[in-house]
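Here is the structure we will look at, set down as structure tokens.
Below, all heavy atoms of this structure are taken into account, side chains as well, without hydrogens, waters or symmetry copies. The model shown is predicted, which means the values in this text are computed figures rather than measured ones. Here is the naming used below: chain letters follow the sequence lines, and residue numbers restart at 1 for every chain.
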There are 2 protein chains.
Amino acid sequence: MEYDEGRVMGLLRQRGLRCTAQRLAVLKVLDETPHHLSAQEVLSAVRQDLPRVGLATIYRTLELLADLGLVARVHLVDGCHRYTAASSGHRHQLICSRCGLVVEFGECALSGLTETIARRTEFAIEGHWLQLYGRCRDCRRGVALA
Amino acid sequence: MEYDEGRVMGLLRQRGLRCTAQRLAVLKVLDETPHHLSAQEVLSAVRQDLPRVGLATIYRTLELLADLGLVARVHLVDGCHRYTAASSGHRHQLICSRCGLVVEFGECALSGLTETIARRTEFAIEGHWLQLYGRCRDCRRGVALA
DNA sequence: ATATTTGCAAAGGATTTGCACACAC
DNA sequence: GTGTGTGCAAATCCTTTGCAAATAT
């Protein structure tokens, strides 16, 4: 939905990076799935278009796209390292703990809190990271009245 | 500071778990360092007292202590899986991005936000996870006026 | 006494790296 | 044409597991 090939190509070229089929394909895959994906899952999906890609390329690409702010790393409670398309701006994620659905939300009610904390701790706050976990509408159904 | 051997032993016994030198040592190490530590680093520290411990024991112990709520997993922006002593109650962490110092804070200004999000997304929110990043007082000095 | 926990070594996964070839520019 | 990016395979790193011996209760 947010995906705009032209914008992406622009972003890559701005930094002197090349615009390859693999990079566009990884981004497209992430953009088309509402769930977060592991590198392995991204590989499988990308291979439907580009059968010869390797896992190493997927990792290299995911890192690059994360640096560009185009994909977001999602950390689950247990393991880590799954990926999802990132929309622009300051956003956080709501993640379904059953099916993995990722919903982003933009509100950030933390500014007041960070100021208080900064004053008390004498930290210079650089950023924060917030994820909410829960059951999405469809997954609530399967669990009766939770 | 928070560390109370008697309390820990009680917690272990309550669950039918045994109170071993390794478990106490891991907890003590985490409690004595204000930084977060990797499993490897915990191993080195514990070996000063118990030279024969193995990494597997460290992993098993860290997981067990995390389940008991005595240690908290810290996830950094890049990699993951570092550990630090956890105080009780609902707390979040402020982490120095330069030296790794971990400061916990208890305020949770998120309740209002979670309600709004829950209503709009139809998610049943189960929990959240918040970490703040910044430079601690000492590390700010080294970087002139940030 | 006995069930849990440990240490060791081996297995398992995920991620990274080296290098020749392919491709975007 | 030239330098970046890719595919492949091997290497590396982190974490888990199986099992006999050690140990807390």
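- Taking CG of B:L30 as the start and CD of B:E41 as the end, the distance is 10.5 Å to the nearest 0.5 Å.
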Inset, instruction - Kindly determine whether A:T20 and A:L24 satisfy side-chain contact (heavy atoms from CB on, under 4.5 Å), including the steps that lead there. - result: CA-CA 6 Å; A:T20 67; A:L24 294 176; over 6 Å; no

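- Listed by first and then second residue, the salt bridge (Lys or Arg N to Asp or Glu O under 4.0 Å) pairs that reach into residues 42-57 of chain B come to none, sequence neighbours excluded.
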Atom pairs and distances, donor-acceptor, side-chain atoms in residues 53-66 of chain A, under 3.5 Å, two or more places apart:
residue : atom : partner : partner atom : Å
A:T61   : OG1  : A:T57   : O            : 2.7

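- Put simply, CG on B:L43 is 12 Å from P on D:dT15, counting in whole angstrom units.
- In this structure, CZ of B:R73 is placed 14 Å from C1' of D:dC14, rounded to the nearest angstrom.
- Here A:Q22 reaches the OP1 or OP2 of D:dG7: one of its side-chain N or O atoms lies under 4.0 Å away.
- Listed by residue number, A:R13, A:R18, A:C19 are the residues of residues 11-20 of chain A with a heavy-atom contact under 4.0 Å to DNA chain C.
- Counting heavy atoms from C-beta on, the side chains of B:I117 and B:F123 never come closer than 4.5 Å.
- Nucleotide D:dG18 holds its P atom 18 Å from the CG atom of B:L55, rounded to whole Å.
- We find the CZ-CG distance between A:R18 and A:L12 to be 12.0 Å, quoted to the nearest 0.5 Å.
- End-to-end axis angle for the helix from C:dA1-D:dT25 to C:dC25-D:dG1, using five pairs per end and rounding to 10°, comes out at 40°.
- The nearest pair of heavy atoms linking B:L70 to B:R7 is CD2-NH2, 3.9 Å.
- Considering only residues two or more places apart in sequence or on other chains, B:R15 meets the side-chain contact (heavy atoms from CB on, under 4.5 Å) condition with B:L17, B:L68.
- In the region residues 57-68 of chain A, proximity to DNA chain C at under 4.0 angstrom, judged on heavy atoms, holds for A:Y59, A:R60.
- B:R23 has its CZ atom 11 Å from the P atom of C:dT4, to the nearest Å.
- Here the P atom of nucleotide C:dA22 and the CG atom of A:L50 are 17 Å apart, to the nearest Å.
- Between the CD atom of A:E115 and the CZ atom of A:R119 there is a distance of 6.5 Å, given to the nearest 0.5 Å.
- Per the geometry, CD belonging to A:Q40 stands 14 Å off C1' belonging to C:dG12, to the nearest Å.
- A salt bridge is absent between B:E122 and A:R140: the closest approach of a Lys/Arg side-chain nitrogen to an acidic carboxylate oxygen does not fall below 4.0 angstrom.
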Inset, instruction - Apply the test side-chain contact (heavy atoms from CB on, under 4.5 Å) to residues A:V71 and A:H36: give CA-CA distance (whole Å), side-chain angles for both, the deciding distance (0.1 Å), then the verdict. - result: CA-CA 10 Å; A:V71 329; A:H36 46 74; over 6 Å; no

